[in-house]
*Asks:* 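Here you go, one structure.
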There are 2 protein chains.
Amino acid sequence: MAAMTNEDLRKAGLKVTVPRLKILEILERSPQRHMSAEDIYRHLLESDKEVGLATVYRVLTQFEAAGLITRHNFEGGHSVFEINAGEHHDHLVCINCGIVEEFFDGIIEQRQQAIADKLGFSITGHALTIYGMCLHANDGKCPRRK
Amino acid sequence: MAAMTNEDLRKAGLKVTVPRLKILEILERSPQRHMSAEDIYRHLLESDKEVGLATVYRVLTQFEAAGLITRHNFEGGHSVFEINAGEHHDHLVCINCGIVEEFFDGIIEQRQQAIADKLGFSITGHALTIYGMCLHANDGKCPRRK
DNA sequence: ATGTATGCAAAACATTTGCACCTGG
DNA sequence: CCAGGTGCAAATGTTTTGCATACAT
């Protein structure tokens, strides 16, 4: 299935190039599922080939348009990206250590649809992020502190 | 009650100054409830006294810390602010014309709390924004097009 | 008086764009 | 070969900061 990657790119009308493959690979393999453009850029620098930061942004934008990845605008002015592995979900972010948990709630999804219907909107997307402190935030022992 | 304003500022440990009063006034009086720092800055320029854009940002940040206003990070890299008039609510933004509708749904709020409990987070805040097209978006007749 | 606030200009970021060169199909 | 992709540097848009001056209490 890793071989599907090239096909995915072609289907999106994108040439299969080294930067694109590397970026996809990083997004797939990194234990950190939510990465900023800078994060990805840094990972790229650690490997051989040099890739420009501008290319990272261009590629991420194209991937998003192609539906391969999703962009999230968390608080703090920068975006993070994650590979579209399967089903939609929302996020819970610890304001102390920055860890991101994912969740999905069918009832919330239903209610959103109902609200949009009532107000005459056709939904194109939504962003639900809960901010809070994870269990260990208070005692300074956040296990996955950044 | 408009006279309360000064008191609100003092309670927040902020001196009562012209820029602060003007900014509060704009936030209270503008028909557009959700304004960016730039929006507010432009309104200020139209009145007599010159206020720097830097001051707008500083004051907005202080107001947010004081709980007088709320900052929202909608898509597109800039923030908008709104006065805290009463109850919490979430937003529905038309990606075509930019109008912002507000809504509140008790069930969604409940579900969020339940999810946070299950994952061991204590909620400090949340951002739920539904993006979509309002009824008139499709025919190019968006009534309140920006 | 005196600690805060402000204005201005410059800095700091995140992201985008122009352009000459490179590369995949 | 040639359209599309890339790197680099410069441009953008937003928000922050340093510093000398002005103001509220």
Side-chain angles (χ1 to χ4, degrees), chain A residues 5-26 34-45 47-66 68-81 98 146, chain B residues 5-26 34-45 47-66 68-81 98 146:
Chain A
T5 307
N6 290 20
E7 199 44 42
D8 289 336
L9 288 177
R10 289 210 193 80
K11 253 183 289 187
L14 300 172
K15 284 185 181 171
V16 179
T17 65
V18 175
R20 286 180 182 149
L21 288 175
K22 286 218 162 174
I23 291 174
L24 262 189
E25 188 185 321
I26 288 171
H34 303 80
M35 309 182 76
S36 69
E38 277 284 344
D39 289 337
I40 294 169
Y41 180 59
R42 273 195 297 276
H43 279 243
L44 284 170
L45 290 187
S47 55
D48 335 323
K49 183 98 166 45
E50 295 287 302
V51 174
L53 181 53
T55 299
V56 175
Y57 277 104
R58 275 187 291 236
V59 168
L60 288 173
T61 302
Q62 294 160 341
F63 283 3
E64 189 195 8
L68 297 176
I69 64 177
T70 300
R71 176 196 301 250
H72 302 290
N73 299 285
F74 292 161
E75 290 181 2
H78 68 300
S79 304
V80 296
F81 301 82
K146 258 182 188 166
Chain B
T5 308
N6 291 20
E7 200 44 43
D8 288 337
L9 287 177
R10 290 210 192 79
K11 254 184 289 187
L14 300 172
K15 286 184 181 172
V16 179
T17 64
V18 175
R20 287 183 181 145
L21 288 175
K22 287 219 160 171
I23 291 174
L24 261 189
E25 188 186 320
I26 288 172
H34 303 80
M35 310 183 74
S36 68
E38 275 286 342
D39 289 338
I40 294 169
Y41 179 59
R42 274 195 298 276
H43 279 244
L44 284 169
L45 289 187
S47 54
D48 336 319
K49 183 97 163 52
E50 296 286 302
V51 175
L53 181 55
T55 300
V56 175
Y57 277 104
R58 275 186 290 235
V59 168
L60 288 173
T61 302
Q62 293 160 340
F63 284 2
E64 190 197 6
L68 296 176
I69 65 178
T70 300
R71 175 196 302 249
H72 302 289
N73 299 285
F74 292 160
E75 290 182 0
H78 69 299
S79 305
V80 296
F81 302 82
K146 258 184 188 169

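Atoms considered below: every heavy atom in the structure, side chains included; atoms not considered: hydrogens, waters and symmetry mates.
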*Asks:* Counting side-chain heavy atoms from C-beta on, which of D/dT15, C/dT6, C/dA14 comes nearest to B/Thr55?
*Replies:*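 Closest nucleotide among those given: C/dT6.
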*Asks:* Take the protein atom CD of A/Glu50 and the nucleotide atom P of D/dC8, then report the distance between them rounded to whole Å.
*Replies:* 7 Å
*Asks:* Counting N and O atoms only, with roles assigned by atom type, does the side chain of B/Arg20 sit under 3.5 Å from a partner on the main chain of B/Lys15, one being a donor and the other an acceptor?
*Replies:*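 Checked: pair present.
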*Asks:* Identify whether the distance between the nearest side-chain nitrogen and carboxylate oxygen of A/Lys11 and A/Glu7 falls below 4.0 Å.
*Replies:*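 Result for this pair is no, no salt bridge flagged.
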*Asks:* How far apart are the closest heavy atoms of B/Asp39 and B/His34, and which atoms are they?
*Replies:* OD2-O, 4.4 Å
*Asks:* What is the distance from CZ of B/Phe81 to P of D/dT14, rounded to the nearest Å?
*Replies:*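 Rounded to the whole Å, the gap is 12 Å.
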*Asks:* Which nucleotide wins on minimum distance to the side chain of B/Thr17, given the candidates D/dG5, D/dA24, D/dT14?
*Replies:* D/dA24
*Asks:* Kindly point out which of C/dA14, D/dG7, D/dT17 is positioned nearest to the side chain of B/Ala54?
*Replies:* D/dT17
*Asks:* Between P on D/dT15 and CD1 on B/Ile40, what's the gap in Å once rounded to a whole number?
*Replies:*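 For the pair B/Ile40 CD1 and D/dT15 P, the rounded distance is 11 Å.
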*Asks:* C/dT15 phosphate, OP1 or OP2: any side-chain N/O from A/Ser79 under 4.0 angstrom?
*Replies:*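 It does, given that an N or O in the side chain of A/Ser79 lies less than 4.0 Å from OP1 or OP2 of C/dT15.
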*Asks:* Taking the minimum atom-to-atom distance to the side chain of B/Val51, which one of D/dT25, D/dG4, C/dG7 wins?
*Replies:*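 Selected nucleotide (nearest to the side chain): C/dG7.
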*Asks:* Classify the side chain of A/Arg58 and the base of D/dG4 as holding, or not holding, a donor-acceptor pair under 3.5 Å.
*Replies:*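 No such pair is found, so the answer is no.
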*Asks:* In terms of the nearest nucleotide of DNA chain D, which residue is placed more toward the 5' end: B/Val18 or B/Val80?
*Replies:* B/Val80
*Asks:* Rounded off to whole Å, could you give me the CD-to-C1' distance for the A/Glu64 and C/dT15 pair?
*Replies:* 13 Å
*Asks:* Can you figure out which of D/dA3, D/dG7, C/dT16 approaches the side chain of A/Tyr57 most closely?
*Replies:* C/dT16
*Asks:* Rounding to a whole Å, what distance do you find between B/Gln62:CD and C/dA5:P?
*Replies:* 6 Å
*Asks:* Measuring from the side chain of A/Lys49 (C-beta onward, heavy atoms only), which nucleotide among C/dT4, D/dG7, C/dT15 has the closest atom?
*Replies:*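 The answer is D/dG7, which lies nearest to the side chain.
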*Asks:* Does a side-chain N or O of B/Arg20 approach OP1 or OP2 of C/dT6 to a distance below 4.0 Å, or not?
*Replies:* yes
*Asks:* To the nearest 0.5 Å, what is the distance between OH on A/Tyr57 and CD on A/Gln62?
*Replies:* 15.0 Å
*Asks:* Has the side chain of A/Arg10 got a donor or acceptor atom sitting under 3.5 Å from an opposite partner on the base of C/dG25?
*Replies:* no
*Asks:* To the nearest 0.5 Å, tell me how far B/Asn73 CG sits from A/Asn73 CG.
*Replies:*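 One finds 8.0 Å between CG of B/Asn73 and CG of A/Asn73.
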*Asks:* In this structure, how many angstroms lie between the P atom of C/dT16 and the CG atom of A/Leu53, rounded?
*Replies:*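 Rounding to the nearest Å, CG of A/Leu53 and P of C/dT16 are 10 Å apart.
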*Asks:* Taking only the side-chain heavy atoms of B/Pro19 (C-beta and beyond), determine which of C/dG7, D/dT25, C/dG3 contains the nearest atom.
*Replies:* C/dG7
*Asks:* Atom CG of B/Leu14 and atom P of D/dT25: how far apart are they, to the nearest Å?
*Replies:* 11 Å
*Asks:* Without decimals, in angstroms, what is the distance between A/Lys15 NZ and C/dC22 P?
*Replies:* 15 Å
